[in-house]
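See below for the structure under consideration.
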Amino acid sequence: MNKYQSEVEAIDALCLSYKEIRKEISKVIVGQDKVVEAVLISVFSNGHCLLVGVPGLAKTLLVQTVSRVLDLSFNRIQFTPDLMPSDIIGSEILGEERVFKFIKGPVFANIILADEINRTPPKTQAALLEAMQEKAVTAAGVTHALPKPFFVLATQNPIEQEGTYPLPEAQLDRFMFNVSLGYPSFEDEIAIVKNTTGTKVQDLRKIINAEQITYFQQLVRNIPVTDHVVEYAVAMVAKTRPQGAMATDAIKKYVTWGAGPRASQFLVVGAKCHAAIHGKYSPDIEDVQAVATAILRHRMVRNYKAEAEGISIEDIIKGLF
């Protein structure tokens, strides 16, 4: 699907598509600009996104709206304590011809909304996270490829810990972004209430399809990046490791565990995509900084001293810029 004369023209097309997608989403989602941007960057970077926020902040609505505008198949999985791996990936059943056949589960869609992912046991979380990593599932020894593109947008409630199973660090690392949702401003909340308490239903245009998204994902990978930007990204991640030679004083004081190499990879890919959707043909240091907080937030572990002194992970990350 290469209808563009050059990669420059293709990046212009990606930038234009991004603006149109944002415009359509804004018909339903009021405010939350940074959250929408992060979700779309993860889509075009072929990554997965974890949305963390209290109930009622339109996390689920945002994911449903994105899938409508992108013309992709969409399934929502509501995670509960009794959910089994087969409820997600599917299972073998004995058919009428007395032969076992595989019935696909809800994971076989382009966009998966994993609602309240921390409310299901580790065994079921692991089944989904394996699908995220391998882009395929295995049942009865047979591997079934998932549709392309495939990404998981998971939601997590940070305040209600009763009956939850926190995601282990190794599984959190599978998510490109950890996006924190805040409460809307007073003006935004007035607009939200006006939009949602009447009978009007928004018609959304489908902007791009699966084939175009797959092409743009490859395009993002092809964007050139200078050595000094790559070195800046890798140095930022190296600084997060308290045992490392490049660790800052604040990191040594407040952090137990730093980010791994996957953070460096995501910083560079995320910076490429951030540059492209804003009309730039190569990322610079500002693009790395723009995506750094959402990429590093869930890859660093604060120690008890940071918690006692009220030092947030965002404060620590800002000190790395």
Side-chain angles (χ1 to χ4, degrees), residues 1 13-14 17-18 20-29 35-51 58-80 83-93 101-117 120 124-125 127-139 142-156 174-177 179 201-220 273:
M1 193 225 113
L14 170 56
S17 296
Y18 170 75
E20 289 182 1
I21 291 165
R22 286 291 297 264
K23 189 177 170 186
E24 288 300 304
I25 290 173
S26 68
K27 291 178 181 176
V28 176
I29 304 295
V35 176
V36 173
E37 180 178 274
V39 169
L40 293 176
I41 288 175
S42 71
V43 165
F44 289 123
S45 301
N46 200 12
H48 307 288
C49 194
L50 182 64
L51 303 171
K59 298 186 294 292
T60 304
L61 180 62
L62 169 62
V63 179
Q64 289 172 332
T65 306
V66 168
S67 68
R68 284 170 64 193
V69 173
L70 296 183
D71 194 14
L72 297 174
S73 59
F74 165 78
N75 277 332
R76 173 183 176 177
I77 306 172
Q78 182 66 50
F79 280 68
T80 57
L83 199 71
M84 298 297 289
S86 58
D87 296 330
I88 295 174
I89 62 174
S91 55
E92 296 260 307
I93 66 161
K101 61 179 180 180
F102 179 65
I103 302 297
K104 291 179 178 179
V107 79
F108 285 86
N110 297 122
I111 295 184
I112 301 300
L113 169 57
D115 231 346
E116 295 194 282
I117 192 171
T120 202
T124 308
Q125 288 175 0
L128 177 70
L129 289 150
E130 182 188 1
M132 287 165 56
Q133 186 66 12
E134 308 301 332
K135 306 288 173 84
V137 298
T138 304
V142 179
T143 300
H144 304 270
L146 294 168
K148 290 182 181 178
F150 172 78
F151 28 83
V152 172
L153 301 172
T155 70
Q156 193 171 310
R174 298 279 184 266
F175 287 97
M176 178 176 184
F177 284 146
V179 181
V201 177
Q202 288 289 353
D203 282 329
L204 297 179
R205 282 191 309 130
K206 296 188 184 301
I207 305 296
I208 53 176
N209 58 28
E211 187 188 10
Q212 290 168 300
I213 291 169
T214 306
Y215 173 77
F216 284 140
Q217 286 175 341
Q218 196 58 48
L219 174 71
V220 166
C273 189

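Just so you know, residue 1 is the first one in the sequence shown, and it goes up from there.
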Results of side-chain contact (heavy atoms from CB on, under 4.5 Å) for [X] - residues two or more places apart only:
X	answer
Glu134	Glu130
Ala154	Leu50, Ala114, Ile117, Val152, Phe175
Val63	Leu51, Phe74, Ile111, Leu113, Leu153
Ala210	Leu72, Pro149

side-chain hydrogen bond (donor to acceptor under 3.5 Å, both in side chains) partners for [X], two or more places apart:
X	value
Lys135	Asn46
Ser73	Asn110
Thr80	Asp82

[X]: what forms a salt bridge (Lys or Arg N to Asp or Glu O under 4.0 Å) with it, not counting sequence neighbours?
X	result
Asp115	Arg76
Glu24	Lys27, Arg205
Arg22	Asp33

I want to check something: taking the side chain as every heavy atom from C-beta on, are [X] and [Y] in contact at a cut-off of under 4.5 Å?
X	Y	value
Leu14	Val220	yes
Val69	Lys206	no
Val179	Val39	no

So which atom in [X] and which in [Y] form the shortest heavy-atom distance, rounded to 0.1 Å?
X	Y	result
Ile89	Phe108	O-CE1, 3.5 Å
Ile112	Pro106	CD1-O, 3.2 Å
Ala131	Phe150	O-CE2, 3.8 Å

Gap between atom [atom2] of [Y] and atom [atom1] of [X] - 0.5 Å precision:
X	Y	atom1	atom2	answer
Phe177	Ile41	CZ	CD1	5.0 Å
Asp87	Phe79	CG	CZ	10.0 Å
Ser42	Phe151	OG	CZ	7.0 Å
Leu70	Ile213	CG	CD1	4.5 Å
Ile29	Gln64	CD1	CD	9.0 Å
Thr65	Ile21	OG1	CD1	13.0 Å

Count the heavy atoms belonging to other residues, nucleotides or ligands that lie under 6.0 Å from NZ of Lys104, then report whether that count exceeds 12.
->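 No - once you tally the heavy atoms of other residues, nucleotides and ligands closer than 6.0 Å, there are 12 at most.
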Side-chain (Glu116) to main-chain (Gln78) donor-acceptor, under 3.5 angstrom |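 Checked: no pair found.
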Flag, side chain of Gln212 to backbone of Asn209, donor-acceptor distance under 3.5 Å |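 Judged by distance alone, yes, a pair lies under 3.5 Å.
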